[in-house]
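Just so you know, ligand 1 is whichever comes first in the structure, and atom 1 is the first atom listed for that ligand.
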Amino acid sequence: MAAGSYFSITALVILIQLTINLNLCLAAAPIHPSGRNTRFIRTSCRATLYPNLCFTTFSRYTTRIRGSPRLLASTALSVAFNTTRSTTKAFINLSKHRGLKRSEAAALRDCVEQLGDSVDELKDSINAMSPPRRGDNFHRRTSDIQTWVSAALTNDDTCMGGLSRKAMKRDFKTVRRQVVKVAHMASIALAFVNRYAADTH
Ligand SMILES: *[C@@H]1O[C@H](CO)[C@@H](O)[C@H](O)[C@H]1NC(C)=O
Ligand SMILES: *[C@@H]1O[C@H](CO)[C@@H](O)[C@H](O)[C@H]1NC(C)=O
């Protein structure tokens, strides 16, 4: 029984990974990068903790971002939201798999809850990310966004911590790697939001 369920879970995890990547690729058809806008992305990404992941992710969006710190921040929030949401959906599926050990299923269910909170926080952030308007408390709005994205990052870390080797008896490398990606996307979004907030004051 152990060997059979091990392989079917591994296959399911890989399938989930492919589904997530496919969804992200469909959402962002590559656009040929143009010089100045690409340089803006590269320079901005250098100020994040994950410059390579950042550049490969956001160089697809040069025409959408057009050198704007606000559009960079809102695109990063959208990427973080999409990645977190599709990961949450995949984990809901995986947590129902019969071959899981009890501690594995519990860790995945905790992750679904934590990443689900991140999804809500990122959604609120995207909604609050409109341009400054006359009579609008822009400072308050950006500081709310900073709070929400920081909270999302904390939730992602909590999920990651729960997927310890003790809880996950078998090889859940793909699952861990996916959560790391979710957290890195939130971290990049936070860096861009912070920069936008600092520039606009
Ligand atoms: C996120 O997903 C939505 C819906 O699938 C899509 O319209 C949007 O372009 C995606 N965001 C990015 C930045 O790719
Ligand atoms: C989750 O399972 C449902 C129903 O089985 C399926 O339609 C969906 O594509 C799965 N989602 C992911 C991300 O694997």
Fill in the blank from the handout: So for Arg64 against ligand 1, with non-hydrogen atoms under 4.0 Å, the contacting part is side chain
Exercise for the section: Just say parallel, tilted or perpendicular for the rings of Phe58 and Phe192, cut-offs at 30° and 60°. Expected result: perpendicular
Problem - Geometric N/O contact Arg85 with ligand 1, under 3.5 angstrom - result: no
Problem - Ring-ring centroid check Phe138 Tyr196, cutoff 6.0 Å - result: yes
Handout entry: Intermediate values then yes/no, side-chain contact (heavy atoms from CB on, under 4.5 Å), Thr63 and Asn37
Key = CA-CA 7 Å; Thr63 50; Asn37 291 343; 5.7 Å; no
Handout entry: Residue Val79 vicinity, atoms of ligand 1 by number, heavy atom under 4.0 Å
Key = 13 (C)
Practice task
Test side-chain contact (heavy atoms from CB on, under 4.5 Å) on Leu72 and Tyr61 and set out the steps.
Solution key: CA-CA 9 Å; Leu72 179 65; Tyr61 297 100; over 6 Å; no
Exercise for the section: Work out whether the distance between some heavy atom of Tyr61 and some atom of ligand 1 is less than 4.0 Å. Expected result: yes
